[in-house]
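Written out below as structure tokens is the structure these notes cover.
Atom set for the values below is all heavy atoms of this structure, side chains included, hydrogens, waters and symmetry mates excluded. Chain letters run A, B, ... following the sequence lines, proteins first and then strands; every chain starts at 1.
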Amino acid sequence: MDNEICKVIQNKELTKGKGIYEMVLQSEKIADAAMPGQFIHIRINAGYYPLLRRPISIHSVDKTKGTVSVIYHIKGQGTEELSRVKTDTAMDVMGPLGNGFPLLGNKKCAVVGGGIGTAPLLELAKNLSECDAYLGFRDCVYKIEAFEESCKSVHIATEDGSVGYKGYIIELLEQNIADYEVVYTCGPKVMMKCVVDICRKNKVECYVSIEERMGCGIGACLVCACKVQEENGEWHYKKACKDGPVFHAKEVVFDA
Amino acid sequence: MDNEICKVIQNKELTKGKGIYEMVLQSEKIADAAMPGQFIHIRINAGYYPLLRRPISIHSVDKTKGTVSVIYHIKGQGTEELSRVKTDTAMDVMGPLGNGFPLLGNKKCAVVGGGIGTAPLLELAKNLSECDAYLGFRDCVYKIEAFEESCKSVHIATEDGSVGYKGYIIELLEQNIADYEVVYTCGPKVMMKCVVDICRKNKVECYVSIEERMGCGIGACLVCACKVQEENGEWHYKKACKDGPVFHAKEVVFDA
Amino acid sequence: MLNMEVKIGSLKLKNPIMTASGTYGFGKEYGEYYDLSKLGAVVVKGLTLKPREGNKTPRIAETPAGILNSVGLQNPGVDAFLEQDLPYLRTYDTAVIANIAGNTVEEYCEMAEKLGSQVDAIELNISCPNVKEGGVAFGTKCDSVYSITKSVKQHCRVPLIVKLSPNVRDIVEIALAAEEAGADCLSLINTLLGMAIDINCRKPILANVVGGLSGPAVKPVAVRMVYQVAKEVKIPVIGMGGISSWQDAVEFIIAGADAVAIGTYNFVNPKAPVEVLEGVLGYMEKNHYQMLSDFKGKVVL
Amino acid sequence: MLNMEVKIGSLKLKNPIMTASGTYGFGKEYGEYYDLSKLGAVVVKGLTLKPREGNKTPRIAETPAGILNSVGLQNPGVDAFLEQDLPYLRTYDTAVIANIAGNTVEEYCEMAEKLGSQVDAIELNISCPNVKEGGVAFGTKCDSVYSITKSVKQHCRVPLIVKLSPNVRDIVEIALAAEEAGADCLSLINTLLGMAIDINCRKPILANVVGGLSGPAVKPVAVRMVYQVAKEVKIPVIGMGGISSWQDAVEFIIAGADAVAIGTYNFVNPKAPVEVLEGVLGYMEKNHYQMLSDFKGKVVL
Ligand SMILES: Cc1cc2nc3c(=O)[nH]c(=O)nc-3n(C[C@H](O)[C@H](O)[C@H](O)COP(=O)(O)OP(=O)(O)OC[C@H]3O[C@@H](n4cnc5c(N)ncnc54)[C@H](O)[C@@H]3O)c2cc1C
Ligand SMILES: Cc1cc2nc3c(=O)[nH]c(=O)nc-3n(C[C@H](O)[C@H](O)[C@H](O)COP(=O)(O)OP(=O)(O)OC[C@H]3O[C@@H](n4cnc5c(N)ncnc54)[C@H](O)[C@@H]3O)c2cc1C
Ligand SMILES: Cc1cc2nc3c(=O)[nH]c(=O)nc-3n(C[C@H](O)[C@H](O)[C@H](O)COP(=O)(O)O)c2cc1C
Ligand SMILES: Cc1cc2nc3c(=O)[nH]c(=O)nc-3n(C[C@H](O)[C@H](O)[C@H](O)COP(=O)(O)O)c2cc1C
Ligand code: FES
Ligand code: FES
């Protein structure tokens, strides 16, 4: 494998001043290999600050054009600097990395995302023949049209009610949960916990994409440990970067 | 005092691939206050790498336009990054700092520079009513025309003979030393040592501009110590940044 | 009203922002950049009994997010300081703290006597890695820390701050030795001993071969030591090491520091101490903290 | 022909470029990026007698030019390593060095026995700051370093490398203790103990509160320690701490290292070890060095 030097095709804010950006990278190799739910590990700059790469989920790939898109929000120094990267810059990217979502396209599926956690669900939706989307946001929505193109129906909730249902997206999911055999979810821990609970109660299969701080991104450093439960109740740590970031919901132990 | 945020008006290479650059900065305040031989202390970027500012001599000022120009060569990480700064970037600059050359314009003067050490001599020449320039380079010359505009005569030497006299500039100075009452010099230590020797032998007053690694640039940290000799033979350390960078030749002790 | 006062023994500082010894001369240079009265205290360059020329140059090297220095206590001596430099600082409404270093315990005591109560506090520098005699040798063993602190304390008419070296196995045991010996306050960290080599000429970059590492690179070590020490001692702690922003200052205060000092970063941003002060103020306002003790040492575990 | 060979006791490495324990798993992941046969040696993740789950997450924090980690020796145990991981590494023509950590001297000895001569060397990790038992407690005092080295040496059928902690007052005295006890080689430095606090929630970023600092930030401390130690011991020294480029590797070798290891920088550049190797080769060619000893330890003073 190689880390790729990819050209930035586009890097622009999707929201007005809310700090949500989309970056499109040119990479035939990554576009070709990418599976929904995998991530890329981006080196922000050639210096020592920030030192570590930043893991960002693949949002969408265009295999014909050989491009990969990611959506990120400005959280700290790394993503802030990423947002200032100009078109045509050559970025050093590792990927695609990790284990994505299993594609159970013959079942009735829903993708349930919260905030920036909606990002990886688009490529997933594109790869499922029939699925509904449940997308929750705080106060600004993005990429809705893209989901509308790929999903049967798209449910939106915002905490401030500015778009769609006013409240949490899990409320909408709960109403319709009987319609699904499989649910895929990514978003804040609290949200994913609720989704997992709803699915368990309704005996719906569920897959979650989890976030852990990462070092190597490929399974060598063991900093990204994710607690998983065995059938027999014993737990141990798996690697979020290599065994995940997607896990079967019944495996994951949501601590604290 | 304040550190200034100055806009980069121009930043371009003067030589073909030899890594000598000129940067012009917009700053009324610095242009107004600048004296020949002073320097500015440039923060390369807002990050931690490089951490320290870089001291660069003032090459030329345009008081009407409110601009300051510096000439620098790429030496390491800091100047390399400086060379990549784009027009219109806002740079954080302290200055003008240090003690420049005393202007003895009523005397017969020569400025003697080697390599990048020629840079600060231009503003000096502009401020002396009559002076000759002796400029030595290894294999590429720059800014000769500017000196020709401000000096009575300009003598050039290159080590490879590509322009002017083939050899060292001090050889040319030595031939004409009897013509001068004051010599100002800046350049490699070995060159300045020779200039000082020639002047001492010929009883010509001499001022040297010295380089020391700097921290604060304003006299607070004492890292830039420069050995100076008292009349009575005792030595102590002065601050290159605040007491210098220009010293009377008879003060300076050239170690090692 | 927001109260930023800090007490160091009998000394009251108006706010917890100080400058670190050796990075700030005797204040004059930075006094041209802002009003020194804004600062809680100015800690002056390390003083010795007699004037000292310090080490050969180069005395500074740059390292990733840090610097190495080997100034070696160049200073005019304690008498010249009192005569020539202190009067300038006294024109400002800020505490003046003298940092002292000696070759022998007696020298330290003599300096404390000379300084008397002309300064507001004395910081005992037993952690300078850049001098052969004294310096760090006093500061890295419990028994010598204890005995030098105890001796100087008897000659000291103002609060005594003991500055700790990070080049130790167990910073807590050193801190406790200083406290037991009567220190009124601890400051930490001094520099970590480091080295850099120019691979082209194979020479150490510093003429003195080794030097003290400071700047953002050392911050995690400093925060850890402040955290460990503040939990164990009852006297106030001054935290320093790599502070470059108000966020860093807040991090040290949360870790347990009563006050903080800015060193290396003065070179990068001459107004760093004032900007740190304003930022800490803003942080307190935003979080509705009335005084430093509302968040000092309040690490959530 | 340029010769980059290095000898560590009876073990011959084809070149001085190694990977640092804990940053490289058991080689498999980086084996997808380049041919591991290029390396002088692979040092595997720290092993314990029984499998260990390690600490809670977060286990990593970023600091200026460095990282803090608190993995806490998550590993499958020495038996599983021998069964499941070693065979993969044995498909390459590179030395395999096992890094071992225990709670008691007996555990270390038992591990050495189990490893026997299935690995090419054993690195004694008595400097891990991330575990309560054992670890760093063994590595920061001369007498315990001496006795554990002496004991393990008796059970060790391959060269024994002792990995030193930088969290000490005097690295040379620790190094000499290990040498006297029979160590065949020393490696340094392990991580510096550090801490980072999230000022928004006032929680330490690492679940384990403190962690080990590594990366470019620590390089000056590492170079200094390698320099000090290499001058005093007769056994070979493996230098590490912040190596990110061939220039850094050359700096360590000039300081006195016989070999170097790349740790944290693997995360930044997965091909770092190979690029370092190529760069060191280029440096030797340019300077007409025939072998490492032409510049190793050759600091010009
Ligand atoms: C598998 C995976 C996929 C991700 N996909 C996306 C995505 O599609 N869009 C997006 O906006 N964000 C995504 N994240 C989170 C993203 O990596 C962090 O927001 C980002 O690293 C923050 O970096 P920073 O320098 O801006 O923040 P800082 O807080 O300054 O970062 C400091 C350190 O903490 C780490 N860190 C901070 N927050 C997180 C977090 N939530 N998860 C993991 N590491 C963190 C950083 O990587 C860095 O090492 C993903 C994380 C993982 C693990
Ligand atoms: C008063 C003064 C005026 C100067 N004027 C000019 C000028 O007009 N044009 C020009 O090209 N250069 C000038 N220099 C030298 C210039 O400052 C250095 O070349 C520059 O700092 C190198 O930085 P770097 O990061 O590229 O090199 P690196 O070698 O990576 O720098 C590492 C560290 O060493 C210091 N350093 C390295 N070389 C020197 C040096 N020769 N003098 C002082 N510090 C050094 C750097 O500032 C930095 O802290 C001047 C130096 C001084 C002291
Ligand atoms: C150039 C320089 C000179 C210093 N001189 C002294 C000194 O004289 N006395 C002292 O106690 N500490 C001295 N120090 C250490 C600082 O006071 C401070 O403890 C250390 O630099 C860590 O803080 P920082 O990272 O903010 O610089 C010096 C540091 C530097 C960089
Ligand atoms: C994530 C991580 C895990 C580590 N685990 C171990 C370990 O298991 N055993 C050990 O001896 N050192 C361990 N170390 C220390 C490294 O081997 C090395 O000594 C240190 O990181 C300094 O080198 P570097 O700056 O190149 O990373 C670990 C370091 C990191 C960053
Ligand atoms: S990030 Fe290194 S193992 Fe997952
Ligand atoms: S650079 Fe600080 S005193 Fe000269």
Subject >> Residue among D:Leu301, D:Val223, D:Val226 with most heavy-atom pairs under 4.5 Å to chain C >> reply: D:Val223

Enumerate donor-acceptor pairs with a distance under 3.5 Å from any side-chain N or O in residues 168-175 of chain C to protein atoms, sequence neighbours excluded.
from     : atom 1 : to       : atom 2 : distance (Å)
C:Asp170 : OD1    : C:Val172 : N      : 3.0
C:Asp170 : OD1    : C:Glu173 : N      : 3.3

Original post:
Does some side-chain heavy atom of C:Val260 sit less than 4.5 Å from a side-chain heavy atom of C:Ile253?
Top reply: yes

Subject >> Options C:Ala196, C:Gly215, C:Gly194, ranked by heavy-atom pairs under 4.5 Å with chain D, top entry >> reply: C:Gly194

**OP:** Please determine, among D:Ala222, D:Ala207, D:Pro216, the option with the most heavy-atom pairs under 4.5 Å with chain C.
**Re:** D:Pro216

**OP:** Go through the atoms of C:Ile197 and report whether side chain, backbone, both or neither lie under 4.5 Å from a heavy atom of chain D.
**Re:** both

Original post:
D:Ile243 and D:Ala261: which non-hydrogen atoms are nearest, and at how many Å?
Top reply: CD1-O, 3.7 Å

Original post:
Is the closest side-chain heavy-atom distance between C:Ile126 and C:Lys163 below 4.5 Å?
Top reply: no

Subject >> Proximity breakdown for D:Val209 and chain C, heavy-atom pairs closer than 4.5 Å >> reply: side chain

Original post:
Taking side chain as C-beta onward, heavy atoms only, is D:Met284 less than 4.5 Å from D:Gln290?
Top reply: no

**OP:** Measure across D:Asp258 and D:Pro236 and return the closest heavy-atom pair with its distance rounded to 0.1 Å.
**Re:** OD1-CA, 3.2 Å

Original post:
If we ignore angles and hydrogens, is there a donor and acceptor under 3.5 Å between the side chains of C:Ser214 and C:Thr264?
Top reply: yes

**OP:** Heavy-atom distances under 4.5 Å only: say whether D:Leu68 touches chain C with side chain, backbone, both or neither.
**Re:** side chain

**OP:** Identify which of C:Val221, C:Leu213, C:Ile254 forms the greatest number of heavy-atom pairs closer than 4.5 Å to chain D.
**Re:** C:Ile254

Subject >> Flag side-chain contact, heavy atom, 4.5 Å: D:Val276 against D:Pro273 >> reply: no

Original post:
What option among D:Met225, D:Gln247, D:Gln228, D:Glu251 has the most heavy-atom pairs under 4.5 Å with chain C?
Top reply: D:Glu251

**OP:** Give the member of C:Gly66, C:Ala217, C:Ser244 that has the highest number of heavy-atom pairs under 4.5 Å with chain D.
**Re:** C:Ala217

Original post:
When heavy-atom pairs shorter than 4.5 Å are enumerated against chain C, which of D:Asn287, D:Ile199, D:Val299, D:Val218 gives the highest number?
Top reply: D:Ile199

Original post:
Which region of C:Tyr283, side chain (C-beta onward) or backbone (N, CA, C, O), has a non-hydrogen atom less than 4.5 Å from a non-hydrogen atom of chain D, or is it both or neither?
Top reply: side chain

